[in-house]
Amino acid sequence: NIVENNYAISIYDMGKLISHEHYLLNILENFTDLLQNKVDTIENYLEMMNYEEDEKPPNNAAEYFRLIRRLHLDYLNWVWYLEQQPWEVLVAHIIAIAPHMPSAKDIQEATRAIHLIQIVYSLPTDKMVEGILMDVQYNASLNPMECYTIANELFKDREYAAAMEWLSSGVDMYNAETDKEELYTQLGVPLSNFYELFVKIQDAQGGRGYAMTELKTAMKTWPEQVSFRRAHSRLKMNIRIDKEPNTEKARPEFVYAHCCTHECRPTSKLFCLYNSTTSSFLRLAPLKMELLSLDPYVVLYHDVVSEEDVERIKILAQEDLTRATTVHEDQVLREDPYRTTKAKWLNDTDEVTQRVSRLIQDMTNFDLSGSDMFQVMNYGIGGYYGNHYDFLRNAKSPKNFVDRIATTMFYLSDVPLGGATVFPVLKLSVFPKKGSALMWYNLHHSGEGDKRTFHSACPTIVGSRWVMTRWIREIQQLFRRPCLTQI
Ligand SMILES: O=C(O)CCC(=O)C(=O)O
Ligand SMILES: [Fe+2]
């Protein structure tokens, strides 16, 4: 019974894996203890026997008696002892947690995340291998097995050039650590795997001459390896029929890198002020607000949610986060490779969400009745949300007033590296700051979606990114939206 845990798309959920790993290591430690006990017992026996090759044969009655006794009884007991495997129960423990382990899909998504981070933030492979992310050294260097897995997944995604870089970094390290070869082989990554993958990548890219040379060397080194012989036949056939290499990318490239690395502001003429006017309450407690764009209207509110409320919201959401979906062309909600985050909907029944709702009304003067619930999100490894609009393209007639007139988005965590919210058309980006909130209008006055509000979340490199959004519906706001210059 395989459970789809979708670990790779939520840093919070991945916390559970840390305890699974401790559990597994504990089992392995118990195993070494049990094994050590056996070794000690056997060594004791050998010592007691004081066994030496050149020992004199027995020559008296007592010694012959002992020999008879030992070989009548001890040898059977040793058979029994060697057959006993007290670690079988440990194996059962490991199998019992198997459904909670990450799946092949997690590997795929985690690898795609690493690759996306590389592209968006221009991180060279050799630096990432050393654990250097955006010029900062992290405790994150990667070993040859990890490089191999990344290369293999990128190969499947037809990202051949990137796959080759990871593969060669992996081989170089493997060759430098010959003492680990047995361990890596035991863990399923013998050196021959690297050669096999090299051949596959070169073949797919059309570098068949290289592939053949390398394959011939590999066949000499591992003459008994059947997979090489199979690869050899396949390669010879591809050369003979001159098969076209397939270099088409499995996934389109990602676009908007610049504003993910630099804070982009559309104009320096805008300003910060205290908002004390949208509601009468604000006369007593004005909100710190930064105007980011007038048209479309985008504002950033600083320090509007307290530390305690932020933590409380996360606690309300964190235990049943599920994979976020998006509305597709056919109006069906589906899993989306361009949205790697988990989410939980929260309604207004809790004191803290009620408080935030009042805050939104103060910030926007909008009426929240009939608006969507809060959506709390926790992003995953390199978690991101590709370019999208928040208005609903299926609200075909702008006259039905059901569309999302505005979005309010609260940052529930700081993100030490990466994770900006970007509006590529406006050339605007906002870096998360715990307790601040971003608000923008999605619609023109006509009710038509404003395409300039195209936006996305850049991949997170360091930290666990939490945000909460609330979309406000249009219909309740007929008499509330401030009148701007044109309709
Ligand atoms: O996480 C972000 O910065 C953007 C989230 C977003 O655009 C959305 O949930 O609609
Ligand atoms: Fe959005």
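Just so you know, these numbers use all the heavy atoms, side chains as well, and skip hydrogens, waters and symmetry mates. Predicted model, so just to flag it, every value in this text is computed and none were measured. In listed order, ligands and their atoms are each counted from 1. Counting begins at 1 with the first residue of the sequence.
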Looking at Y389 versus F454, is the centre-to-centre ring distance below 6.0 Å? yes
Relative to the Fe ion (ligand 2), how many protein N, O or S atoms have a separation of less than 2.8 Å? 3
Do the non-hydrogen side-chain atoms of L24 and I94 ever get within less than 4.5 Å of each other? yes
Please output the residues near ligand 1 using a strict heavy-atom distance under 4.0 Å, listed in chain and residue-number order. R339, M377, Y379, Y385, H388, D390, M409, T421, H455, A457, R465, V467, T469, W471
Are C458 and C259 close enough, and set up right, to give a disulfide bond (SG atoms under 2.5 Å apart), and what steps lead you there? CA-CA 9 Å; C458 304; C259 295; over 6 Å; no
NZ or CZ of R404 within 45° of F391 ring axis and under 6.0 Å: no
Heavy-atom side-chain proximity of D390 to W440 below 4.5 angstrom: yes
Please check if the distance between the ring centroids of F194 and Y174 is under 6.0 Å. yes
Aromatic ring proximity F198/F155, centre distance under 6.0 Å: no
Given side chains that start at C-beta, do those of L291 and Y297 come closer than 4.5 Å, heavy atoms only? yes
How about Y411 and W466: are their ring centroids closer than 6.0 Å? no
